[in-house]
Amino acid sequence: GTLDKLMSLLTNFKGRITAMDLSDVYEIKGNIKVFKGMELTSLKLFNCVELTGDIGSLKDCPLQELNLSGGGFPMEFTGNIDSLKDCPLVSLSLSGCWKLEGKDKANKMFPNARVIV
């Protein structure tokens, strides 16, 4: 998909990229596993309705801010938010992520974060 192409262009810089905002890039396609192991502290994929993947692939990123929500659009992300329990999240937005498991525990898991489910 287009996300794979973007990430292949950034291959030499993956270790230095700490924030990525692709919000409202509706046409970008691919799987979020391309972010696995990156040093991302902020990942904003708001309204990226063509992206898919298991959020468990983000568990080793030092994420402080994660936005996977869709503004009225259903999002295709899967997995259990429990996989993110070790991330130092201060902002988590998962509205529209109907396929995610454990969303009901998000506020309890991240008591110091701004959580929108």
Side-chain angles (χ1 to χ4, degrees):
T2 48
L3 182 59
D4 290 324
K5 290 177 185 172
L6 172 64
M7 295 311 289
S8 68
L9 291 172
L10 299 174
T11 297
N12 294 334
F13 309 103
K14 273 186 168 182
R16 297 191 313 212
I17 297 172
T18 59
M20 186 160 295
D21 187 347
L22 296 172
S23 295
D24 293 324
V25 183
Y26 303 99
E27 59 278 350
I28 195 160
K29 296 179 181 177
N31 191 303
I32 58 172
K33 68 183 178 190
V34 298
F35 301 118
K36 185 176 184 166
M38 288 182 67
E39 293 299 314
L40 292 172
T41 58
S42 177
L43 180 59
K44 298 177 185 176
L45 302 176
F46 177 75
N47 278 343
C48 292
V49 295
E50 299 289 331
L51 292 183
T52 62
D54 188 321
I55 61 167
S57 61
L58 305 175
K59 69 180 175 144
D60 295 324
C61 298
L63 288 166
Q64 295 174 21
E65 181 176 21
L66 179 61
N67 188 336
L68 300 179
S69 62
F73 298 103
M75 303 301 281
E76 297 297 319
F77 303 113
T78 58
N80 194 310
I81 67 156
D82 192 51
S83 61
L84 302 177
K85 68 181 179 292
D86 295 328
C87 293
L89 287 164
V90 294
S91 179
L92 176 64
S93 187
L94 302 173
S95 62
C97 296
W98 310 118
K99 296 180 179 182
L100 288 182
E101 297 173 30
K103 282 185 12 171
D104 56 323
K105 299 181 227 163
N107 283 304
K108 194 177 280 187
M109 282 179 63
F110 305 104
N112 300 318
R114 184 178 144 267
V115 176
I116 301 170
V117 291

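- Evaluation of the salt bridge (Lys or Arg N to Asp or Glu O under 4.0 Å) test over residues 79-107, restricted to residues two or more places apart or in two chains, returns Glu76-Lys99.
- By the 4.5 Å heavy-atom criterion applied to side chains, Phe110 and Leu84 are counted as neighbours.
- Under the side-chain contact (heavy atoms from CB on, under 4.5 Å) criterion, Pro88 pairs with Gln64, sequence neighbours left out.
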Pairs of donor and acceptor atoms involving the side chains of residues 48-57, under 3.5 Å and at least two apart or interchain, shall be tabulated with distances.
residue : atom : partner : partner atom : Å
Thr52   : OG1  : Gly30   : O            : 3.4
Asp54   : OD1  : Gly56   : N            : 2.6
Ser57   : OG   : Asp54   : O            : 2.8

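- Both Leu43 and Phe73 are members of a single hydrophobic cluster when ILVMFWY side chains are connected at heavy-atom separations under 4.5 Å.
- In the hydrophobic clustering of ILVMFWY residues, with side-chain heavy atoms under 4.5 Å counting as a link, Leu3 and Leu9 come out apart.
- Here the NZ atom belonging to Lys5 is positioned 11.0 Å from the CD1 atom belonging to Ile28, to the nearest 0.5 angstrom.
- A heavy-atom distance below 4.5 Å is not found between the side chains of Leu63 and Phe35.
- Among pairs with a residue in residues 108-117, those fulfilling side chain to side chain donor-acceptor pair (under 3.5 Å) read Ser91-Arg114, at least two apart in sequence or across chains.
- Counting only residues at least two apart or in different chains, salt bridge (Lys or Arg N to Asp or Glu O under 4.0 Å) contacts with residues 7-23 are absent.
- Every residue meeting the side-chain contact (heavy atoms from CB on, under 4.5 Å) condition with Ala106, not counting sequence neighbours, appears here in chain and number order: Ile81, Leu92, Val115, Val117.
- When all heavy atoms of Leu58 and Cys87 are compared, the closest pair comes out as O-SG, 4.1 Å.
- Listed by chain and number, the residues in a side-chain contact (heavy atoms from CB on, under 4.5 Å) with Ser93 are Asn67, Ser69, Ser95, Ile116 (sequence neighbours excluded).
- The shortest side-chain heavy-atom distance between Leu22 and Leu6 falls under the 4.5 Å cut-off.
- Between Gly70 and Phe46, the closest heavy-atom pair is C-CE1, 4.1 Å.
- Residue Leu89 comes nearest to Ala113 through the heavy atom pair O-CB, 3.4 Å, listed as atom of the first residue, atom of the second, then distance.
- The main-chain N or O of Tyr26 is never found under 3.5 Å from a side-chain atom of Asn47 such that the two would form a donor-acceptor pair.
- A distance of 12.0 Å separates CG of Asn31 from CE of Met7, quoted to the nearest 0.5 Å.
- Annotation: salt bridge (charged side-chain N to carboxylate O under 4.0 Å, His left out) contacts of Lys44 (sequence neighbours excluded): Glu65.
- Contact of the Leu10 side chain with the Met20 side chain is registered, since non-hydrogen atoms from C-beta on lie closer than 4.5 Å.
- In the hydrophobic cluster analysis, where Ile, Leu, Val, Met, Phe, Trp and Tyr join through side-chain heavy atoms closer than 4.5 angstrom, Leu45 is grouped apart from Trp98.
- Annotation: salt bridge (Lys or Arg N to Asp or Glu O under 4.0 Å) contacts involving residues 23-36, sequence neighbours excluded, are absent.
- Cluster annotation: Leu40 is not connected to Val90 through the hydrophobic network of ILVMFWY side chains, with a link wherever side-chain heavy atoms come within less than 4.5 Å.
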